[in-house]
**Q** 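Input: one structure, supplied below.
Counting starts at 1 for both ligands and their atoms, in listed order.
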Amino acid sequence: DMGGHDTYMHKEIHEQADAVDRALRGRIDDRFSTVHLGGLNLDARDARAVRRVKILGCGTSYHAGQIGAQMIEELARIPSDAEPASEFRYRNPVVDPDTLYIAVSQSGETYDVLAAVQELKRKGARVLGLVNVVGSAIARETDGGIYVHAGPEVCVVSTKCFTNMVVSFGLLALHLGRIRDLSVADGKRIIEGLRKLPAQISEILANEAEIEKLAGEYADAKSMMFIGRVRGYPVAREASLKLKEVSYIHAEAYPASELKHGPLALIEPAMPTVAIVPDDELLEKNRAALEEIKARSGRILAVAHQVQEKADHTIVVPKNEDELDPILMGIPLQLLAYYTAKAMGRDIDKPRNLAKSVTVE
Ligand code: F6R
């Protein structure tokens, strides 16, 4: 039942404020400025002993993991990174007893992720799951974890589950941070930020008509560039994937800082750029990248906290805490992908060549 929406993708994009609310419910502990994650199965002593975090997933879940790794490194000061589960498995990685492994999956059935979990378990590693489908294979095979509580996701491309995964990583980063060196004041600040998310998501979605118009402006592109830096880079990667999947427009994502090392050669009016420009310590650097693109007559659509003069269009999103901004900045770009695909008459809920859950290698 699509409840008045024309596609599940549209419905699921609009369910995100409620979904995030569900991910937060019952988990916040104001007294200690932390969160409770019931199924984590990692006591404080274990959490303190973690020396590294390695996050494994595929596609959109891998992108959620990239944001998650940054959140954990920033808030808990544990060296963290994300890697595609399929690549990890085949490069005979060093499995380290002091590393906490986290498998991320909507379906909980993705073969490459499951096989990576099994290989890690066989070698004695501690593996947590960050999963949407309750009781799925990955949920069962991990030592504990976090359910992301996005609710059923029917559209082949992931939207609300991605958002809830990133929120869940925020909770985990806060939890690990407060066991280690994150102060009470910073814990409070992050909790306040988390609580603001559902209303801010509704605010972004209320801007839908403007995003539909913008999709019309850029739907003629043969190819699009997505750029961002540090916190914004995985947001750019995910937005680029979403556009490809549902519209079949070619898109590339680069760190804005890498443009001058090659991809700037592609910039011309027929190759528009979507730039993630948060109001954080990299704002001036991001603005400089916009200038470089403008100087090559590139069209620019910015997603930012304030109107960007160098951009042809800016989608202004509400500001949260710097660490949590990535949760919000991708949401208008889900709508951009949706409206672009719709204008092109694509089969949005079932893009060609794709399946909802990839249970083969
Ligand atoms: C993208 C998409 C895929 C999945 C990937 C992993 O919109 O849906 O990239 O994210 O196949 O699937 P899960 O999360 O079920 O392991």
**Q** Students should find this: residues with any non-hydrogen atom under 4.0 Å from ligand 1. What is the answer?
**A** C58, G59, T60, S61, S105, Q106, S107, T110, V156, V157, S158, K242, E245
**Q** Counting N and O atoms only, with roles assigned by atom type, does the side chain of K160 sit under 3.5 Å from a partner on the main chain of P152, one being a donor and the other an acceptor?
**A** yes
**Q** Tell me whether the centres of the aromatic rings in H63 and F162 are closer together than 6.0 Å.
**A** no
**Q** Could you name each residue pair satisfying ring pair (Phe, Tyr, Trp, His ring centres under 6.0 Å) that touches residues 274-318, not counting sequence neighbours?
**A** Y218-H313
**Q** Could you list the donor-acceptor pairs under 3.5 angstrom formed by side chains in residues 352-360, with sequence neighbours left out?
**A**
unit_1 : atom_1 : unit_2 : atom_2 : d
K356   : NZ     : E153   : OE1    : 2.8
K356   : NZ     : C155   : O      : 2.9
K356   : NZ     : V156   : O      : 3.4

**Q** Considering residues at least two apart in sequence or located in another chain, which fulfil the salt bridge (charged side-chain N to carboxylate O under 4.0 Å, His left out) criterion with R122?
**A**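 With sequence neighbours excluded, R122 shows a salt bridge (charged side-chain N to carboxylate O under 4.0 Å, His left out) to E119, given in chain and number order.
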**Q** Can you tell me how far the CE atom of M224 sits from the CG atom of L243, to the nearest 0.5 Å?
**A** 6.0 Å
